[in-house]
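Below: one structure, written as structure tokens.
Quantities reported herein were computed from a predicted structural model and do not represent experimental measurements. Scope of the values below: all heavy atoms of this structure, side chains included, with no hydrogens, waters or symmetry mates.
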Number of protein chains: 2
Amino acid sequence: MPIAPLFRPIDVAPAYQKVADAIEREIVNGRIKPGDPIGTEHDLVRQFGVNRSTIREGIRVLEEGGLIRRDSSRRLHACLPRYSKLASRLSRALVLHEVTFRELYEASMTLEVASIEGAVERASEENVAELTDNLARSGAVVGDPARLAECDAEFHVLVAKASQNRVLQLAREPAAQLFYPTTEMIVTGVAEGGPRLVAAHRHLIDAIRRRDREAGVLWTRRHLQDWRRGFEKIASLDRSVEHMYMEHAQAARRR
Amino acid sequence: MPIAPLFRPIDVAPAYQKVADAIEREIVNGRIKPGDPIGTEHDLVRQFGVNRSTIREGIRVLEEGGLIRRDSSRRLHACLPRYSKLASRLSRALVLHEVTFRELYEASMTLEVASIEGAVERASEENVAELTDNLARSGAVVGDPARLAECDAEFHVLVAKASQNRVLQLAREPAAQLFYPTTEMIVTGVAEGGPRLVAAHRHLIDAIRRRDREAGVLWTRRHLQDWRRGFEKIASLDRSVEHMYMEHAQAARRR
DNA sequence: ACCTCTAACTTTGTCGGACAAAGGGACAGA
DNA sequence: TCTGTCCCTTTGTCCGACAAAGTTAGAGGT
């Protein structure tokens, strides 16, 4: 017969964790605002009354979480976590969980369509300008798959940005980080891929400008279906995302 | 005239970062599989030829990233990053970026609809059983807002799980973590809220069982619109997500 | 008074060694 | 089989130290 639970487990966190939690609390509840300096390590030693090694372990935790950074002179200050950095954590997780391209495709279809809908509804002049600029640059590198894939990734980030919905922006990022690197392979493998891609972007900008939701959704779908057809010429949609992607991500994360 | 770039910037990362990167690489590219033990700190000291403090800082980084854990006996081993832990990082970021409930609502509408579509299409017997079990428990606590809100959150996690799409599962989580805590307030404030919530869940399970996509989408929309109506009785959709949510998240993350 | 250069001073990254507390294993005794 | 004990290992924390890089203040020239 199991004994009745009389006591709750007591919360005994190691000191470095308590340090990290304490600083996190101050940042998250707004007492320390993004940009504000945290003290030097020595300051923190004094304030928390623990050894510098302990402080440093706590700092690593917060740094990895994106809550604090060291500026050019290596001093600590609070900062707003950057989406792309967080997203690369998620991408890494998706790789480890061995998600398939089918899952990626399905999720992206949803997320990119939602992005374009938001963009059509709320894109600002500036958003459109950025997109137009991107289109021009894409047109210039249509023969260079690597460069073009980069532009494509940026284009969709800009569309998400134009949706003015940061939750959507963040939600689509992990999938996108895994999704768009394949664009290079596809554009390389399929001759008419580059021009079709640029044409789709042109139609999308047009749809945003005319606030034509139907057209936006239609061209986003086509654009993704193009990707899919291209991909299926190379590999099965049921293949899991490859490990090699992570090299990309690791390099990107450090920036 | 700018000089031609003769040298690439050399990679001068601090030692603890290199340690973390090296271990991460081995995990991500699969040479160390989830569950495999990493050596003891002393082992790593020997292998990397750096001081234990340096090793420990590297370990903190990986631990925070969810790539390694310490088991009950505090020994290190690799593990699959847990979605909920990663998602709470994102939720935290969304709070700091002061996203509005409108953004949350819009994104959730997209993501939850996509989840139900996937669930209708691919839910297994077991998924349905889990959902049914959840429904029963919800019915039992319909008068207890806190408990009911918990069930509601779990219900939607289960729907996402039933979609068999892990990308979607991950993408919806951050928004959900911020979204569903409000359910408690709403159910408390609106008398008919609890029963309506449970009824919606029942219809959703029904739709999944009958593989009736239309019904699934319809009831998900209604369910979310109910939330919205309830929320707007309390506050404006344009209010930014409150800092207080994070207390939830911090506690949850440590588990 | 303004600019530049140098000489302290501070801070970070890393190192070596130290110790208490907790866990794991082996072993003896009930 | 269960329990208690001894020993060894591992972790969490501390202390003190030092080189490299950054910062500050003051000396010196204009």
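- Taking the six-membered ring where the residue is Trp, B/His97 and A/Tyr83 present tilted rings, their angle falling between 30° and 60°.
- The minimum heavy-atom distance linking A/Arg69 with A/Cys79 is given by the pair CG-SG, 3.0 Å.
- Using a 4.0 Å cutoff on non-hydrogen atoms, the parts of residues 51-61 of chain B near DNA chain D are B/Arg52, B/Arg56, B/Arg60, ordered by number.
- Taking atom CG of A/Leu76 as the reference point, atom P of D/dG22 lies 16 Å away to the nearest angstrom.
- Within the 3.5 Å criterion, the main-chain N or O of B/Arg166 finds a donor-acceptor partner in the side chain of A/Glu103.
- At distances below 3.5 Å, at least one donor-acceptor pair connects side-chain atoms of A/Asp43 with backbone N or O atoms of A/Thr40.
- In this structure, of C/dT12, C/dT14, C/dG24, it is C/dT14 that holds the atom nearest to the side chain of B/Ala15.
- Put simply, CZ on A/Phe48 is 17 Å from C1' on D/dC14, counting in whole angstrom units.
- Side-chain contact check for A/Ser115 versus A/His156: every heavy-atom pair is 4.5 Å or farther apart.
- Between A/Arg70 and A/Arg60, the closest heavy-atom pair is NH1-NH1, 3.7 Å.
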| request: For side chain to side chain donor-acceptor pair (under 3.5 Å), just list the numbers for B/Thr54 and B/Glu57, CA-CA rounded to whole Å, side-chain angles, deciding distance to a tenth of an Å, and then say yes or no. | output: CA-CA 5 Å; B/Thr54 306; B/Glu57 290 189 37; over 6 Å; no
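- Annotation: proximity of residues 36-46 of chain A to DNA chain D (heavy atom, distance under 4.0 Å) is found for no residue.
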At a cut-off of 3.5 Å, list every protein nitrogen or oxygen paired with a nitrogen or oxygen from nucleotides 3-8 of chain D, distance to 0.1 Å.
none

